[in-house]
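Side-chain atoms are counted along with the backbone in the values below, which use heavy atoms only and exclude waters and symmetry mates.
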Amino acid sequence: MVEITKVYHAALDKINSSSNEAEVYSEVFGKNGFINQAKESIKTLPKQEWGKNFKELDSITEEVREIFNQKFQKTVQQNIDPTIDIFYEPGKLHPISEEINLIKNIMAKHGFTHCDSPIIDTEYYNFDALNVTEMHPARGSHDTFYLKSGMLLRTHTSNFQLRAFQNFSGPQKLFHCGRVYRKDDDRTHSTMFHQFECLYVDDFNVVTFAHLKWFIREILEEIFGQKNIKLRFRSSYFPFTEPSIEVDALARHTQNGIEFVCDGEPENECSWLELLGGGMVAQNILKRGNYQNHTAFACGIGIDRIVMLKHQISNINDLYKNRFPFLRKYGVESGVK
Amino acid sequence: MKFSLGWLCDYLDSTIAFLKSNLESALIQAGIEVDEIIDSRPGFEVVRVDEVTKHPNSDHLNICTVAGKQIVCGARNVRKGMYTVLANIDAIIPQTNTRLSQTTIRGVESFGMLCAASELGLFQEGDGIIEVEQNSLIDNILFPNGPIFDVSITPNRGDLLSVYGIAREMSVFGLGEMKELLTPDIVFMNSDQVVKIHSDSVLSMYTIKIEGLLHNITPNWMKSRLKEVGINSKSCVVDITNYIAHAFGQPLHAFDGDTIQQIQVREYSGEFIDLKGCIHQLDKLPCMISDNKCISVPGVIGGNYGKCQENSKNILLEAANYAQEYIFRAQKAVKNTDASKKFFYGVDPEMTKIALAQGASLIQELCGGSIQQATCALENNQTKIQVNFDDRYTKKLGIVDAPTYLSRLGFKSNNNQTYVVPSFRHDIHTPEGLFNEVLRLYGIDNVSPMPLSESASKYIPTDSSEYLRHILIAEGLYEAVGRDFMSKEMVNIFSPDILIENRMNSSQFAMRNSILSNLIEFYDSYLRYKWQAEGLFEIGQIFHGENVMPMVGIAIQLKTKDWLSSNINANYFNTKRLVERCAKYLYGRRIICHPCQHIILKDACEWRIDDKVIATFGIFQNKSRSFYMGELNLLGYARQKEYFSITDQEVLTKDISFHLPKEIFASQAVEKLRSVLPGIEVVPFDLYPSAELNQAHRSIAVRLVWSNLKNTLTQDQIRETLELAESTLVEFGCIIQG
C-alpha cells in the first residue's frame, strides 16, 4: 500500500516552502518528482490494487496542481504564445467586379441567361447589324478602336443582339455583361469600360413597351437597393431600338453617396441622373436574326457609372489605376451575401 | 442647339413667362434633352447711384456710392439718382468673359464696376453706362430676349435644329398655336442660267439675285439674338444668312454678285481655299465652280473667291438641299460646320425655297436693294414617305386615340391606316416609328407598367472564377481591374500580336497577351509608395491571335526570412503553393510543375497539362524592385467531378525518401514515379536541406497515396508497388534512403 496522503503532504510542503517555480515543478511533477515516484511505487503492487491507487493518486495530483497553479498564478500550461495574429487583413474585391456580380444575380433571378459575345468583333455585328450606317459618326476612327487586322474593339455590348437572334429561336431572356471600348478619355469617360445589356424576345406583342417599363424599374431598384425610386422615362433615339428611351432617376448627393428620391419625398436640392437606355428592338434587326412576327425589348447600363454613383467617385480613371488607398476604401470585403 | 424664348415666340403664339415655367417639361416629354437653361448671371444687380464725387487724382474719373459700396467710374453719363447695373466683385463680365476683381484706380479702391451695355454683352445705342428703369429686373436687362435654352438634338431629328422646328414641336405639345409664317411671294423661274448642275448630290437648288444694296450694317436686335446663340456678327448679309439658317434650319449662302455670275456644280479635284483662308486639297468632290475656280464646297463651306464682302452691292443668294452621302464625304474631306451638320441631320426639302425667300426679303428690308432674278436650277422632287400604322402596338397599351396624335404631329391619312409623313420628318419609315410618335405625345409616363412572366434562368451566376476571387481575397490579395490594352513599354517585352491601328496614346499600343503586364505596373507603384498590401490579383482576358483567354494573374510581396520561416526560400514556396492550389482547384487534378525560362520571371516554373502551360510562377525583378508573380489560365477548367463509393480502407499511404542526383529537378523524379504508378497519387512533402540546386546531396520525401480502394491491399501488393517505385528511382539515378 502506497501512502498517497504522505505524497500529498510532501508535495504541499514543497509548494509552501519554496518560491522557485521551476524547482517546485520539477520536484513535484517532474520525471523523478513525488507524483511520478508514487506512480512507480504503485506499479510494484499487485495488479488488482493498481486501479484504486491510481484513482486516488490522480485525484490528489489534480488537487496539488490546482494549489501549485494558485501559488504561481498559472492558468493553462502553454508552450507558445498563440495570440499573435499572423494573418494580415484579407484583401478586397474590386467594386466593378462586385457590381457585375450583383447584376448577374439580379438577371438570373429574373430568368435571364448569360450569353457570350466577342470583344474583338466585325463592323457588321457591332454597327451594320444594328442599323448604325457607315455614315454614323460613331463608326469613325475618331470614336472606335480599329485593329490592324481590320476588326474593331466592340463599342457596346449590343453586339450580342444579332448573334443572340441568330443562335436562338423562340422566346428568350438573355443578357450580356462585359467590357467595351471607345476612344474617349476624360474624367467621366474611359477607353475601356463595362456595360450590361439584356434582351427579351417573345411572340409578337407578348413583350411590350409596358413590360420594358416595369422591368427597368425593377432592375434599377434592385441594383441601387431602394424601392419606389422616382424615375423619368424620356423618349430618345438609338438606331437599334424603336421606340427608344432613356431613364433618369431623381437623386440627391449626400455625404454617404447618392440617395434616390422616392415617391412622396421632398424634391429640393435634387437633380435628374441619367441611368439607363433601352427600347423595343427594331423590327429589321429581329428579321435579320430570323425572328419573324416577334417583338423584343433591350436595355443596358454602364456599370462603371453605377459604381461611380454608388461610391461618389468623380474620376472614372481611378477605377482602373488600382491604387491601394482606392481599393482599400472602395473595395468590397466579401461578395458572399 | 441654342435659342432664346423671345425668338421662339416669333413663331409660337405664347409668352416668355408661360414658356419659362412650361417649356422644359414639354421639351423632355418630346424627347429633347435640355442641357442648360441660361437665365441669370450671378454678381449683377440694378442699383441707384446715391452719390457722385470727383476722383482726387483724375479729371475724368468719379467716385460713386452705390448700394453702400465705393465704385470708381469713368463714364461721362454717371449722375446722382440714376439707375444702372452694378457688377460686383467676382462677377463674370460677358464682353470679355473675365472675372471682376477688386482694384485700386489711381489710389482709390473700387469694389465693383458700373457697366456699359457693351460690357454686358448687349447691343444698344449710346455711350457710357447703361441707364435702366427704377424697378427693372436684372435678368430682364441681361436677357432681353428671355432665358436661353441649350438643348441636345438626336441625329434623327434634323427638323429640330431650328428655332422654327422647336416651335412647331412645342406647339404639338400644347405650348401654343403656330403663328402664320408670312413668306414673300417670289416666283422662281426654272432655269439653268445661273447654276448648271452636273451632280447627283444636289437634290434641289434655288438662287436669288439682289442688286443695289445700300448699306450692310446689322441691326442691334439681330446681333443680340445671334450672340445669344453663339454666333458672332460679321456683316449684315452674312448675319442674315446665319439668322435664317438658325431660324428655319436651312443654310443659305451669299456670293458677291459682281464676281459670281454663273456657277457650275460638278466634280472637282485640286486646291480649295475656304472663306476663312484655310487651304484644302479636294479629290473628285462635287463643288461649285465659277471662272474655273472652286467657290464653294456646297453644304459645307464657301470659298474665298467670290465671297460676299462688306461692301458688296450686288449679291447672289443660294439655297439648296444635298444627299446625305455627299455631305458625309464632303465633311470628311473639308470639315464639319454648322451648315453641314444641318444637311447631315436632314433639312426639310419644302423649307428650302421658303427660307431663301425669307432671307432675300430680310436683306431687302435691312440693306436695301431689289430682287432681280429668282431661279430654280433644280426643283425638289423628293417623294413623300408613306407608312402603315400598326394599331396592335397602341391597343396593347390601351392608347385609343392614336390617329388624333398622329394628325397633330402632321401625319396625314385618309383611312387611319396609311400615313403620309410630313416633309420635315424623314426619320419615320416604319410602323414602329409611328408608334413612337404616338407614345411621345401620349406620354411614356402614362403607360402602365406590366410585369414580366416568370421563367427560370439557365444561368448559374457563381462560376469557378467567382470562387477563385474569394480564395484570393482570403489570402490577403486585393483585386485589380486593368484595361485590356498594353502600353508601348510592355509591348517591347511581351510582343503581342494584336496591334491597335488608331490608338489614342501610347497606353493603347496593343491588346494585352499577358495578364502580368498591368499587374507589373500596378504593383510596382505599391512598392514605390510602400503601401503594405500583401499583393494584387486580376481576373481578365488576354488576346492571342483569334483566341481570347480568361486568366488570373497575381503579384505578391517578396519577403526574405521572417519569424515564421527560418528558411530563405520558405516564402517562395508558400506563394507558389497559392498558385498550385488554385490550379488544382480549377483543374481538379494534380498537375506537374516544370522549371522554365520565362520572359520576365526568374526562378520560374510552370504547370502543364498535355503540354499546354496552364500556370506560371516566378520572381519579377526590375532595377529597383522585385516581387512574386504568377498566372493561371482559366480557359480549360471544367472541374471534373469524381464520385466515390466510400469503403473503410479508402486511403492508404506509404512514404519513400531518396537522394536526388545534382542535375535532376524534383518534379522530374516525381513525374517518373507517377508514370509508373498509375492510379496512385505521388505527393512530395519534404526536402532536405533546402530547395537550392547545386547541393551535393538533396534529399526528398514523397508520399504514395492509394485512395478509393475497393479492397484492402495485401502486404505483397504494397511491397510490389514500393519495389517498383524504388527500382524506378534507382534507374533514374536516385539513391533510396528508406
Side-chain angles (χ1 to χ4, degrees), chain A residues 86-94 96-97 101 104-105 107-108 110-114 118-120 135 141 145-149 173 179 183 185 191-192 200 204-205 208-211 213-215 217 232-237 242-243 245 280 282-283 319-320 322-324 327 331 334-336, chain B residues 28 30-31 154-156 324-325 328 392 396-397 430 432-433 435-436 439-440 444-445 447-452 454-459 461 466 469-470 472-485 498-502 504 508 522 525-526 529 531 533-534 536 541 543 548 564:
Chain A
I86 63 156
F87 291 106
Y88 301 115
E89 53 186 57
K92 288 181 175 182
L93 295 177
H94 196 281
I96 286 185
S97 77
N101 251 344
K104 284 180 170 177
N105 280 297
M107 293 316 292
H110 283 287
F112 282 71
T113 298
H114 194 264
I119 281 173
I120 295 175
M135 288 188 288
S141 61
F145 283 110
Y146 286 89
L147 304 178
K148 296 255 189 234
S149 62
K173 286 179 181 168
R179 296 175 168 194
K183 285 183 79 175
D185 192 5
T191 47
M192 185 198 91
Y200 172 28
F204 190 87
N205 257 0
T208 67
F209 189 81
H211 293 103
K213 241 189 112 173
W214 178 86
F215 184 68
R217 168 171 289 282
R232 180 169 83 178
F233 292 81
R234 272 187 296 116
S235 169
S236 186
Y237 170 76
E242 198 171 27
I245 49 163
M280 303 304 291
Q283 280 295 321
L319 291 173
Y320 298 105
N322 296 295
R323 293 164 64 86
F324 188 54
L327 292 179
S334 166
V336 181
Chain B
I28 288 162
T154 51
N156 58 326
Q324 200 191 28
E325 293 78 12
F328 178 68
R392 290 178 295 174
K396 188 89 181 181
L397 302 188
T430 59
E432 293 73 40
F435 167 50
N436 183 33
L439 196 59
R440 281 195 312 132
I444 297 176
D445 283 342
V447 174
S448 315
M450 280 159 72
L452 293 195
E454 280 186 23
S455 58
S457 168
K458 290 167 218 142
Y459 172 65
E466 200 41 55
R469 276 198 171 88
H470 292 274
L472 292 170
I473 67 163
E475 287 286 338
L477 308 190
Y478 280 78
E479 186 188 16
V481 170
R483 295 190 178 96
D484 294 330
F485 301 115
I498 300 184
L499 302 179
I500 298 199
E501 174 79 34
N502 59 337
M504 269 185 99
Q508 308 106 18
F522 297 150
S525 71
Y526 276 57
Y529 287 104
W531 288 325
E534 280 285 293
L536 285 174
Q541 288 139 317
F543 302 79
V548 178
L564 274 173

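Looking at T430(B), only its side chain comes within 4.5 Å of chain A, counting heavy atoms on both sides. The parts of R234(A) that come within reach of chain B are both its backbone and its side chain, each placing non-hydrogen atoms under 4.5 angstrom from that chain. Only the side chain of K173(A) comes within contact range of chain B, judged by heavy atoms closer than 4.5 Å. Looking at R440(B), the atoms closer than 4.5 Å to chain A (heavy atoms on both sides) all sit in the side chain, from C-beta outward. Interface residue L499(B): backbone and side-chain heavy atoms are both found under 4.5 Å from chain A. Heavy atoms closer than 4.5 Å to chain A are found nowhere in V548(B), neither backbone nor side chain. S149(A) does not touch chain B: none of its heavy atoms, backbone or side chain, sits under 4.5 Å away.
Residues satisfying the side chain to side chain donor-acceptor pair (under 3.5 Å) test with Y237(A), not counting sequence neighbours, are none. Contacts of N502(B) classified as side-chain contact (heavy atoms from CB on, under 4.5 Å), with partners at least two apart in sequence or in another chain: S141(A), F145(A), Y146(A), K183(A), I500(B).
The heavy-atom pair separating K213(A) from D445(B) by the smallest distance is NZ-O, 3.4 Å. Across M192(A) and D484(B), no two heavy atoms sit closer than the pair SD-N, 3.3 Å.
The distance from the OH atom of Y320(A) to the CZ atom of F522(B) is 10.5 Å, given to the nearest 0.5 Å. A distance of 4.5 Å separates OG in S235(A) from CG in N436(B), rounded to the nearest 0.5 Å. To the nearest 0.5 angstrom, E466(B) atom CD is 3.5 Å from N101(A) atom CG.
Each of A282(A), S236(A), S97(A) has some count of heavy-atom pairs under 4.5 Å with chain B, and the biggest count is that of S97(A).
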